[in-house]
Amino acid sequence: MDGFGGLNEMKRTSERCTIFFLISLIALIALSPIGEVRAEDGESGQAQAALALVVAHPAFSDFLANEKGWGSGVYHVGGRLDIWRVDLWGADEESLGWAHVSLKMEKVYSYEAYYRLSETAWKAGEAAVSQFVLTNPEIAVLLGGNPKADNLWWFDYQAYQNRWIAYFGFDGESYSAEVVFKDASRFTFTTPALMGIGFPDVISYTEWRKQQTNAALAIAFGDVALAAHVRAVAGWKGEGEPDGEAWKVVFKDGERVLATVWVDLTLRTVIRRELR
């Protein structure tokens, strides 16, 4: 076979492979439980091929098989990689995710998949997380023991991170355990891993500072003279901050300082005050 003949044969082989690939993808779409496909006029064949790449992707294949009546919207973006945008939604029109696909490279480049567990899958996952938290030795080391079944309050599932969170009480305090299953499918729950222990009752610094200031204000107004002095001015405001072992509150009318008070939040007493 001469060089030109070899090149022609390679070209025909490549064309046959491409045709076979597209037929296979379209067949996959035909077998999937799709509610509808919306695409630009004249691009439905390529749109189906782009959608098929998404359906076959591990991030989508499992949960779409469990979604009845889901739909999709596909349009051609273009560019160097010939990108297509694919959006997915459930029968209730809630988003199931999106993907950026290149038919040229036959690849899903970026995506977000919003998993929704069926009631059966949820119960199976919840049972697996519960058993894991109640018996996990790492949790026992961290907390000095494992919680009892009666102390498991509720469970949450964060679909984007494929992460379960169990909320529970232990020794009078509130905790959460973040658990991820390493199974190939998101719908099987045999290989749990502890990602961390959380503290649901812990608030942000900003919230804590506001809380401390409000507590200091309440204590400060127990001082009758200070309360009368401040309340004599309409529109006053109180600003608080830590000052050594005390909590300092400055009462102002605009920029004018009305009074400053230092409070012991532990003993709930006024340490000293300055009226102006």
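Taking hydrophobic clusters as Ile, Leu, Val, Met, Phe, Trp and Tyr residues chained together by side-chain heavy-atom distances below 4.5 Å, Val108 shares a cluster with Val86. In the hydrophobic clustering of this structure, Tyr205 groups with Trp247; members are Ile, Leu, Val, Met, Phe, Trp, Tyr whose side-chain heavy atoms approach within less than 4.5 Å, directly or through other members. By the criterion of side-chain heavy atoms lying less than 4.5 angstrom apart, applied directly or through intervening Ile, Leu, Val, Met, Phe, Trp or Tyr residues, Trp262 is not grouped with Phe251; the two fall into different hydrophobic clusters. Put simply, Leu143 and Val129 are part of the same group of oily side chains (I, L, V, M, F, W, Y) that touch within less than 4.5 Å, one to the next. When hydrophobic clusters are built by joining Ile, Leu, Val, Met, Phe, Trp and Tyr residues whose side-chain heavy atoms come closer than 4.5 Å, directly or via intermediates, Val202 is grouped together with Phe170.
Atom CZ of Phe63 sits about 13.0 Å away from atom OG of Ser118, to the nearest 0.5 Å. In this structure, CZ on Phe187 lies 4.5 Å from CG on Asn66, to the nearest 0.5 angstrom. Remark: Asn146 CG to Leu134 CG distance equals 7.0 Å, nearest 0.5 Å. One finds the CD atom of Glu241 at 9.0 Å from the OG1 atom of Thr213 (value rounded to the nearest 0.5 Å). Atoms CD and CG, from Glu245 and Leu265 in turn, are 11.0 Å apart once rounded to the nearest 0.5 Å. The CE atom of Met105 sits 11.5 Å away from the CZ atom of Arg80 when rounded to the nearest 0.5 Å.
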Verdict with supporting geometry, Asn162 and Tyr157, side-chain contact (heavy atoms from CB on, under 4.5 Å): CA-CA 7 Å; Asn162 189 26; Tyr157 176 63; 2.8 Å; yes
Working for side-chain contact (heavy atoms from CB on, under 4.5 Å), residues Gln161 and Glu178: CA-CA 11 Å; Gln161 296 179 306; Glu178 299 182 8; over 6 Å; no
Decide side-chain contact (heavy atoms from CB on, under 4.5 Å) for Arg186 and Asp62; before the verdict, give the C-alpha distance in whole Å, the side-chain angles of both, and the deciding distance to 0.1 Å. CA-CA 7 Å; Arg186 291 198 181 200; Asp62 269 357; 5.5 Å; no
Test side-chain contact (heavy atoms from CB on, under 4.5 Å) on Trp89 and Glu67; report intermediate values, then the result. CA-CA 10 Å; Trp89 52 81; Glu67 280 284 341; over 6 Å; no
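Between the side chain of Tyr175 and the main chain of Ala166, no donor-acceptor pair closer than 3.5 Å is present.
When all heavy atoms of Phe132 and Pro192 are compared, the closest pair comes out as CD1-CG, 3.4 Å. Taking every heavy atom of both residues into account, Phe199 and Ser176 meet most closely at N-OG, 4.2 Å. Contact between Ala50 and Leu103 at its shortest, heavy atoms only, is N-CD2, 3.6 Å. Ser102 approaches Leu53 most closely through the heavy-atom pair O-CD1, 4.0 Å. Residues Pro147 and Gly169 share a closest heavy-atom pair of CB-O, 4.0 Å. Closest non-hydrogen pair, Val180 versus Met195, comes out as CG2-CG, 3.5 Å.
Around the CZ atom of Arg85, the shell of radius 6.0 Å holds more than 12 heavy atoms that belong to other residues, nucleotides or ligands.
Proximity of Asp82 to His76: side-chain heavy atoms (C-beta onward) are separated by under 4.5 Å at one or more points. Within the 4.5 Å cutoff, the side chain of Trp98 has heavy atoms near those of the Asp87 side chain.
Of the N and O atoms on the side chains of Asp201 and Ser174, at least one donor lies less than 3.5 Å from an acceptor on the other residue. Under 3.5 Å, the side chains of Asp183 and Thr191 contain a donor-acceptor pair of N or O atoms.
Using a 30° and 60° split on the angle between ring planes, Phe60 and His57 fall in the perpendicular class, above 60°. Between Phe181 and Trp164, the ring-plane angle classifies as perpendicular under the 30° and 60° cut-offs.
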Side-chain polar contacts of residues 214-234 - donor-acceptor pairs under 3.5 angstrom, sequence neighbours left out - could you list them?
from   : atom 1 : to     : atom 2 : distance (Å)
Asn214 : ND2    : Lys210 : O      : 3.4
Asp223 : OD1    : Ala225 : N      : 3.2
Asp223 : OD1    : Leu226 : N      : 3.0
Asp223 : OD1    : Arg273 : NE     : 3.4
Asp223 : OD2    : Arg273 : NE     : 2.7
His229 : NE2    : Leu258 : O      : 3.0
His229 : NE2    : Arg276 : O      : 2.8

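Listed by chain and residue number, nothing satisfies the ring-ring contact (aromatic ring centres under 6.0 Å, His included) test with Tyr114 (two or more places apart in sequence, or in another chain). Contacts of Glu112 classified as salt bridge (charged side-chain N to carboxylate O under 4.0 Å, His left out), with partners at least two apart in sequence or in another chain: none.
Taking the six-membered ring wherever Trp is involved, the centroid distance between the rings of Trp153 and Phe168 does not fall below 6.0 Å. Checked against the 6.0 Å centroid criterion, the rings of Phe155 and Tyr167 do not qualify as a close aromatic pair.
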